[in-house]
Each structure stands twice: as structure tokens, then as C-alpha cells.
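Encoded as C-alpha cells, the structure appears first; notes follow it.
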Amino acid sequence: MKKKIRFMDTILRDAHQSLIATRMSTEQMLPVLEKLDEAGYHSLEVWGGATFDASLRYLNEDPWERLRIIRKHVKNTKLQMLLRGQNILGYKHYPDDVVEAFIEKAIENGIDIVRVFDALNDLRNLETSVRAIKKYGGHCQMCICYTISDIHTVDYYVRLSSEMVKMGADSIAIKDMAGILTPDIAYKLVKGIKEITDIPVQVHTHATSGISEMTYMKAVEAGADVIDTAVSTFSGGTSQPATESLGIALEELGYETGLHFDNIKEVAEHFKPIKEQFRKDGILNPKVMDVEPDTLIYQVPGGMLSNLLSQLKEARKENLYEEVLREVPKVRAELGYPPLVTPLSQMVGTQALMNVVSGERYKMVPKEIKDYVKGLYGTPPGEISKEMREKIIGNDEVLLMRPADLLKPEMDNFRKELGDLAESTEDVLMYALFPTLALPFLKKRNDPFYDIEIQNVTVIL
Ligand code: CO
């Protein structure tokens, strides 16, 4: 019997989020949705925080409507989304009733598989999501955020996975958001997880450092069931490696992929002029295609490296770049090794920058870091020393309970605040998650001239 490996394509989510700041519109996706449906994928990733945000912010699109349109045209292939657990699609904790209502509606509007993660891998922040995904009949894919540190060993992740299995995970995803998962560790991780459970294991990485195909190869050898790739047109660089090339290579090695390459070729062709337009408009920055071995050396996401550099440039302190890079791992260790995923990557980066630029470590501490040390984001993976804690929050108390237990139900309040503007629970959720974007969007929907300033209207007689 042939060995099997299935593919999830990220073309409708992570691929364009990584390369063109999530600017692909529903209209640009529409002509190839049936082709994608018939291409033999395990699933298509179609939704996440950035797609929701960018739909409202830049495209004047209702993100719920996009999901319904995709579902209408993709009848057979499973649709997948990325959920930040108790943070839903944002960066703060929401009350349980909002999390549950969101998951109910996401599944009702077409999502089959919910990939859910917590930035700190604190499982308490996933409890409500898991319960709701199961309740509304979704496939619960629990996700480990991969990072490198003294405590984030293969054993640590295998233990975490076995806890997830106990919580009711239908599959496990290894999420390497930074592209720092090496082939050797990928092999050991997948092998280790496969030894404790029979549920499917899916692997997610980025091509940033130039080793993603090797990483997938070893993950597949170790028994991974699904890998995340992108249709070639929007593959490589900070996106995923190309579906077609990996598919062809793995088939030659004796794996059955189920992919229909003719269909994918048509999809790739469709996106070529669209990519060209994004390049001309300057939205596709050629830098995102550069190979970044530095991500392996410093073990921090490529996006974080470029953010730090541009912040230093703005302050005319580029000369401190190396020093800040050396400070990042120190800060991270002192803060109990948080994974460098949003929002913690930005928080750790800012603290490192402040430590170096101000000339005195922890002289300035952002509020987010204080909240983190107080336990408001969850339990840090490692220990924060008493000395560090006192330096950052003085004698303030550290919260030991699940952070969302502090929050009262909010859906009714959001419903009241929105009043007549809300036509559905989906509208209320849009407002709950992105109030400053949802309000103008919903007002505009009722009145097409809503945002046109009077002085800009030319009256033609
Ligand atoms: Co990703």
C-alpha cells in the first residue's frame, strides 16, 4: 500500500497574509474556487484574524460574507480557520460567551476545521474554544506554538500534545509561525507525538529560512498526515513552500498526495497577473522573498527582525541593532521564555529595544509586559524570578486563575451598543472583535454615502 500525505493549501489565508499583507479580495478568489475544490486537497485555509481585519480595514468587505461565498463554491473540500483561543481573532482575552458565539457562527457559516492556539501554550486559554468547537460539530485541531528555548524541548511538546488529546483534540497541528523548525526537530516532534496518539498530525511552517521543504520531508518521513503549502504563485519567502513542487517530489518518492496538478496549474495561472499587480502597486515587497538564515541564528521570526530594524532606523540608532538582537534572548529568558508569536513577539522586542536604547535594563516597561508578568495573558511557560517580578510589577499580585474567569458576559452589551445597526449575530461579533472597523462598515452598509465628507462632493448641475 502506498504511503499517504495530504495537503492543506494556504493560498486563501496565510499565503497572501505573508506576502501581500492579506490584501487578496473575494473577487480575486472567486474564479478559481471550484478549481480549488476539485484539486484534491485535505483542506483549504480560508479565515483568520488578519483576513477578518483586512477585509474590513482595506477591502470594504464583510468577512462573514466572504466565508459564505467560499463555502457556496467549495462544496466538498474542508474549510479551515485559525483561531487564537480566548483571544478569538484579536490580542486580548474575550469573555466566554463571545468566544462561544463566535465559534458557533464560524461553523454555521461554513468552517469545518478550527485550528486553535494560545500564544503561551496555556491550555486553560483553549478550554472554552475546545468545548464550543465540539458542541457545534466542528473538527477541533489543537495547535502547539513551536518555539525554541531551554524549556521548549521535544518532550515538552509531546507532553503538551498528550494533554491536548485528553482535552478532546481531533488532530494536532505543529505551528511554526517563524519558520525556525528544522528538519531534525520536525522529525523528532512528529515521531514523538505519533507515539502517544493515533489522531492526525499536521505541520505548518514558513519558507523564510530556506529549509521548509526539508522540514516537511522529514515530518512526512516521521508520519505527518497533512502539510501546509501554498499554490506556487504565492509561495516561498515568508509564505509556505509551493504545493505543486512538493507534491511532485513526494509522489516520486512513493507518496500518494491525491492532488490534481492540472487544476492547481490553472489556479496558479489565474493568480499570476494578480500577483503582478500587487508587485506594481508596491504591496508585494520583494524583500519578503529573501532567504533569511538569520531567523535560524537568532531563532526569532523574520517579521520581528525587520520590525526592530525599522524602529531603530526611525530613532537613528541602527548601530544598536546587533546589541538589541543579543538582548532579545535575555529578555525572553527573564520573562519565562514566551513563544515569539503575536502579540508576545512585539512585546519582547519592544522591551529589548527599551532596555538597550534607554541604557538601563527595565528602566521603562510597557503596560503589556506588566500585564503579562501579572499573569493576565496566562501562565508563562517558564519561571519568572522573584527579583525580575519585583523589578517589573513591584508588589502587585500575580493572577493564578484562568484569565477569562475575570471577565463577565458581554454579548448582550455589544448587541445593545450596536442597536439597529446589527442585522445579525455575525454583525454583533464583528463589532465585538473590531469595533473601530465594524462601526463605519455597518453604517456605510446602511447608507452608501456615509463616509463622504460634504466638501468633497462635487455637485454637477
Ligand atoms: Co503561518
Side-chain angles (χ1 to χ4, degrees), residues 7-24 41-54 79-85 87-91 111 113-119 121 141-148 157 171-182 185-186 189-190 201-216 219 224 226-243 246 284 288-292 295-296 299-307 339-346:
F7 286 63
M8 179 190 89
D9 209 292
T10 64
I11 183 78
L12 305 180
R13 205 284 292 178
D14 206 356
H16 73 108
Q17 178 175 334
S18 299
L19 299 183
I20 52 167
T22 337
R23 294 298 207 283
M24 196 186 283
Y41 288 113
H42 168 261
S43 57
L44 292 168
E45 191 187 37
V46 296
W47 234 40
T51 44
F52 203 100
D53 181 324
L79 299 182
Q80 195 158 342
M81 77 165 296
L82 183 62
L83 185 81
R84 298 174 186 155
N87 296 353
I88 310 182
L89 302 179
Y91 306 119
I111 293 292
I113 303 172
V114 184
R115 175 181 291 180
V116 59
F117 75 96
D118 175 64
N121 292 311
Q141 180 167 90
M142 293 188 75
C143 188
I144 58 179
C145 282
Y146 179 70
T147 188
I148 301 169
Y157 282 120
S171 61
I172 302 271
I174 301 168
K175 177 181 162 64
D176 169 30
M177 51 279 167
I180 56 175
L181 179 60
T182 53
I185 304 293
L189 266 180
V190 174
V201 175
Q202 185 161 346
V203 186
H204 179 88
T205 189
H206 288 255
T208 325
S209 61
I211 59 168
S212 54
E213 286 91 344
M214 289 171 73
T215 300
Y216 279 151
V226 186
I227 49 175
D228 296 359
T229 58
V231 172
S232 55
T233 327
F234 282 100
S235 72
T238 52
S239 173
Q240 277 71 46
T243 307
L246 252 169
L284 175 64
V288 297
M289 301 309 293
D290 291 350
V291 177
E292 287 282 4
T295 58
L296 296 177
Q299 301 176 341
V300 300
M304 190 175 159
L305 292 174
S306 50
N307 262 346
L340 295 176
V341 60
T342 306
L344 287 148
S345 46
Q346 289 85 340

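First listed ligand is number 1; within each ligand, the first listed atom is number 1. Predicted model only: the values in this text are computed from it and were never measured.
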Task: ring-ring contact (aromatic ring centres under 6.0 Å, His included) involving H204 - partner list, sequence neighbours excluded - done: H206

Open item on the list: Does any part of the side chain of R115, heavy atoms only, come nearer than 4.5 Å to the side chain of Q80, both counted from C-beta?
Closed with: yes

Open item on the list: Check for me: within less than 2.8 Å of the Co ion (ligand 1), which protein N/O/S atoms show up?
Closed with: D14 OD2, H204 NE2, H206 NE2

TODO: Specify the closest pair of heavy atoms between E213 and L246, including all atoms of both residues, with the distance to one decimal.
DONE: CG-CG, 4.1 Å

TODO: Side-chain contact test, heavy atoms from C-beta onward, threshold under 4.5 Å: evaluate it for I20 versus F234 and give yes or no.
DONE: yes

Task: Under-4.0 Å salt bridge between K175 and D228 - done: no

TODO: Going by the side-chain contact (heavy atoms from CB on, under 4.5 Å) test, name the single residue among V46, I113, L12 that passes it with L79.
DONE: V46

